[in-house]
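Every value quoted in this text rests on a predicted model; they were computed, and no experiment measured them.
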Amino acid sequence: MKLRARWLIPLAALPVVGLLAYGFRTEPRSVPSPLVGRPAPAFALTTFDGKPVSLESQRGKVLVLNFWASWCRPACTDEAPVLEAAWRQFQPKDVMVLGVAIQDKDPASVDFISQFGLTFPNAPDPAGKVSIDYGVWGVPETFIIDRRGVIRRKHVGAMTDEVFREWVEPLLSETAG
């Protein structure tokens, strides 16, 4: 009886060890979003400078919807200059970059926008409704939405220039109809 009890604990631990090993092997950024390929959830926000912005108002443009927070370091601080540069380059091509600050205080968000000289629109999501509708788990997360309002890609982590170009440029030749 004593011999059997001695083996129960190691045997009971095996499934836990196996589950942990699987979890450490899995790349969390590669978890697919069920929203990709579906119409983007509608939203209406007010930017930090008081202008209304909605999904519907962006119809016909490629929308890069980026969820961020001022306390998100280093990923959000790494991607802020990348998004600003992309915004300046692609804005004339009907690409809209829209930042959505989540789980953040307005003064801290405004300081972040100022610190990085962000000129693309940014809006708070004070109740978290938009981030919940998009299934955001953390920051930063970015959704690429085509001219028809369909989510084409989701990126978890800091957006890079390479990923931005790879995912946005092919959508520029598509029509909204």
Side-chain angles (χ1 to χ4, degrees), residues 18-45 47-48 53-55 58 61-91 95-106 108-109 111-113 115-116 118-172 174:
L19 189 59
L20 284 173
Y22 173 77
F24 287 127
R25 242 190 42 215
T26 305
E27 171 59 49
R29 295 174 197 226
S30 66
V31 175
S33 170
L35 296 176
V36 173
R38 295 190 175 167
F43 64 84
L45 296 168
T47 63
F48 285 105
V53 64
S54 67
L55 176 65
Q58 303 309 311
K61 297 178 183 177
V62 174
L63 175 60
V64 178
L65 186 63
N66 174 255
F67 292 89
W68 63 275
S70 64
W71 46 262
C72 160
R73 297 178 190 272
C76 294
T77 56
D78 289 348
E79 78 174 2
V82 171
L83 291 170
E84 178 62 23
W87 162 248
R88 290 175 186 252
Q89 180 179 357
F90 287 91
Q91 180 188 12
V95 173
M96 168 60 86
V97 175
L98 174 61
V100 179
I102 65 171
Q103 300 174 353
D104 213 350
K105 304 283 186 212
D106 285 3
S109 296
D111 286 349
F112 184 93
I113 292 165
Q115 175 186 356
F116 289 96
L118 303 180
T119 60
F120 58 87
N122 279 276
D125 183 19
K129 182 181 178 342
V130 179
S131 60
I132 290 169
D133 288 348
Y134 279 79
V136 173
W137 282 74
V139 287
E141 289 188 21
T142 305
F143 293 82
I144 310 296
I145 302 169
D146 69 18
R147 297 178 190 277
R148 294 167 304 167
V150 174
I151 296 175
R152 299 290 288 272
R153 300 279 193 145
K154 176 185 176 184
H155 180 74
V156 176
M159 178 60 71
T160 65
D161 182 63
E162 294 77 21
V163 170
F164 191 100
R165 289 177 183 284
E166 179 184 335
W167 289 3
V168 170
E169 285 180 346
L171 300 179
L172 298 178
E174 295 181 3

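A donor-acceptor pair is defined here as one N or O able to donate and one able to accept, closer than 3.5 Å; no such pair exists between the side chain of Asp133 and the backbone of Pro41. The main-chain N or O of Glu174 is found under 3.5 Å from a side-chain atom of Arg147 such that the two form a donor-acceptor pair. Remark: the backbone N or O of Ser131 is paired with a side-chain donor or acceptor of Asp125 at under 3.5 angstrom. Remark: side-chain polar atoms of Trp167 are not paired, donor with acceptor, to backbone N or O of Phe143 under 3.5 angstrom.
The shortest distance between side-chain heavy atoms of Thr119 and Arg88 falls below 4.5 Å. By the 4.5 Å heavy-atom criterion applied to side chains, Gln58 and Val53 are counted as neighbours. Under the 4.5 Å side-chain criterion, counting only non-hydrogen atoms from C-beta, Leu65 is in contact with Val100.
Separating the CZ atom in Arg152 from the CD1 atom in Ile144 is a distance of 11.0 Å, to the nearest 0.5 Å. Between the NZ atom in Lys129 and the CG atom in Leu45 there is a gap of 10.0 Å [rounded to 0.5 Å]. Distance NZ/Lys61 to CG/Leu172: 13.5 Å, rounded to 0.5 Å. In this structure, Cys72 SG and Phe112 CZ are separated by 7.0 Å, a value rounded to the nearest 0.5 Å. To the nearest 0.5 angstrom, Phe48 atom CZ is 4.0 Å from Ser109 atom OG. Residue Thr77 holds its OG1 atom at 5.0 Å from CZ of Phe116, rounded to the nearest 0.5 Å.
Of the residues Glu141, Glu79, His155, the one that meets the side chain to side chain donor-acceptor pair (under 3.5 Å) test with Asn66 is Glu79.
A donor atom on one side chain and an acceptor atom on the other are found under 3.5 Å apart for Trp68 and Asn122.
Considering all non-hydrogen atoms of both residues, Thr160 and Val82 come closest at C-CG1, 3.6 Å. Of all the heavy atoms in Pro121 and Thr47, the pair that sits closest is CB-CG2, 4.1 Å. Here the shortest heavy-atom pairing between Ser70 and Ala108 reads OG-CB, 3.3 Å. Summarising the geometry of Val168 relative to Phe90, their closest heavy-atom pair is CG1-CD2, 4.5 Å, with the distance given to 0.1 Å. The two atoms that bring Pro124 and Asp106 nearest to each other are CB-OD1, 3.7 Å, heavy atoms only. In plain terms, the two heavy atoms of Ala75 and Ala158 that are nearest each other are O-CB, 3.4 Å.
Shown here is Arg38, whose CZ atom has no more than 12 heavy atoms of other residues, nucleotides or ligands within 6.0 Å. Atom CH2 of Trp137 has 12 or fewer heavy atoms from other residues, nucleotides or ligands within 6.0 Å.
Taking the six-membered ring where tryptophan is involved, the planes of Tyr134 and Phe67 are tilted, since the angle between them lies from 30° to 60°.
For Asp78, there are no salt bridge (Lys or Arg N to Asp or Glu O under 4.0 Å) partners, not counting sequence neighbours.
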